Protein chains: 2
Amino acid sequence: MDASGRYIARYELSRIFSPELLAALRLRRYDPGAIIIRSGDPVDEVLFFVDGRAKAYSTLDNGQRVLASFYLPFDAFGEAELFSSERYALTIEAITESTCLCLSAAALLGAAPSNHRLLAYLCGRLGAKLNDRFTAESINLRYPVERRLASYLLASSDDGGIIAADDLGDLADYIGCSYRQLSRVVRDFRARGILSGRRGGLTVADRSALEPLAGDLYTRSASVPPRVGRRLGVLERDDER
Amino acid sequence: MDASGRYIARYELSRIFSPELLAALRLRRYDPGAIIIRSGDPVDEVLFFVDGRAKAYSTLDNGQRVLASFYLPFDAFGEAELFSSERYALTIEAITESTCLCLSAAALLGAAPSNHRLLAYLCGRLGAKLNDRFTAESINLRYPVERRLASYLLASSDDGGIIAADDLGDLADYIGCSYRQLSRVVRDFRARGILSGRRGGLTVADRSALEPLAGDLYTRSASVPPRVGRRLGVLERDDER
DNA sequence: CATACGATAGGACATATGTCCTATCGTCGC
DNA sequence: GCGACGATAGGACATATGTCCTATCGTATG
């Protein structure tokens, strides 16, 4: 079994891709800092993110940057533009060594009639991204930085307190404030014992102190497991008759 | 031909829906102010918006509101949650008398294998909504209210200068500022001759003065016509053989 | 080990914006 | 026509935040 095959098995891709499309997946590796998708390029493929960490962002005409999302596997890149644009809207960059399974847009579009499961999966991902994005936006637009950071920390720290973004500049671009203001709030959180970690590192030391600050902001949007897997299982049983 | 049939013809819905699903569409009318979809309700149907004007919003725990979108026909409601959630994320309310063609979620999910065109259409709409939402968010998060309003006015005023939102409170919730600050900027724009119209009304009187304020913020995200219609035309020819 | 560079940190000051209040206007219903 | 109510408008004040600057730290490279 080659590298593609291992990822296909790990993420059970045969459940949503037809054999024809499975065979058309091509493995590609990226170094840290490499550009996976460049904003403005023609939409010529969809990438399935199977290993590493990545981020998507856009740069505005005032030179400021807005960071749309941090990604962990399994996810799709370029699917938002596939049926609606000719050019990619965002730049996606590898944070760590990363791996994608790449599929040409032409192959996917040509095989659409026999890939309703993949289309349903993409609908599910896009819907979840839209709702998650809107929630984050609402928080960032309407709450002070203290609450934005608290919400972000609660949503993205793991059991050990380590958070996904390890670059304060990126984090400021994600929650939509200046580095300076984020620095103030981080300093305050450290003074209150909420955050620990050496200079620049962010480790959540006291989750319970974050909860009243964050309220129910992020948990309100929690998505349940994708419906497609459950419902289309019924179709699979019908096919077996 | 009944009312459903007229909308089906107007929007050429037979091009993306199978006959089975076309037959399952049910027409429903809403009064101004009526709730079309309520946040938190179970996801039991998808609605296709065929007449009127509507808005989608969410209310935060600090009592503030964030307005996600204004809608004109043709559009879909509830599709974002269909494959990813059990409950609707947003409330959608009719601004004017409105009409939807409603489709039960169960029917749509059951007929997914024979509706790849509809799935592709939904992917396209979701992708476009995600990109448009992100653009609006970036502007609202990173630019002062003056520029936000200028961008909004450029994007949403028609040739006669009439804009889609006729309620300043809604507009403030959409661009993410207080009514007070919006009021200041509107006053300034009136004093500069950019806006005209009686108290509360917003009519763009001088588009060219808006352009330097807005820059290329909204036009940068302009989407081309949906790819699905063009590309799937090829599939239709194949089927005819 | 020394240097360079990028990331982090904090001071000083300005301002865009929000909150809270009072006043006015326009529409609707009686 | 009158009164009620919701939308609009603007004053006063406070503050969260951004800009711009200087200083320090940590890491990589020669």
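All figures in this text were calculated on a predicted structure; none of them were measured in a lab. Labels below follow one simple rule: chain letters A, B, ... track the order of the sequence lines, proteins then strands, and each chain is numbered from 1.
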Given atom CG of Leu168(B) and atom C1' of dG6(D), what is their separation to the nearest angstrom? 13 Å
Within 6.0 Å of CZ in Arg38(A), more than 12 heavy atoms from elsewhere: no
Close aromatic pair by centroid cut-off 6.0 Å: Phe77(A) and Tyr71(A): yes
Is the closest side-chain donor-acceptor distance between Tyr143(B) and Asp61(A) under 3.5 Å? yes
Asp167(A) atom CG is separated from dA9(C) atom P, nearest whole Å, by 12 Å
Against Tyr7(A), only a single residue in Leu13(A), Leu101(A), Asp2(A) fulfils side-chain contact (heavy atoms from CB on, under 4.5 Å); can you say which? Leu101(A)
Would you mind building the protein contact string for nucleotides 10-21 of chain C? One character per nucleotide, 5' to 3', B for base within reach (heavy atoms under 4.0 Å), S for sugar-phosphate only, - for untouched. BBB----BBBB-
Hey, what's the ring geometry for Tyr11(B) with Phe74(B), parallel, tilted or perpendicular (30° and 60° as the breaks)? tilted
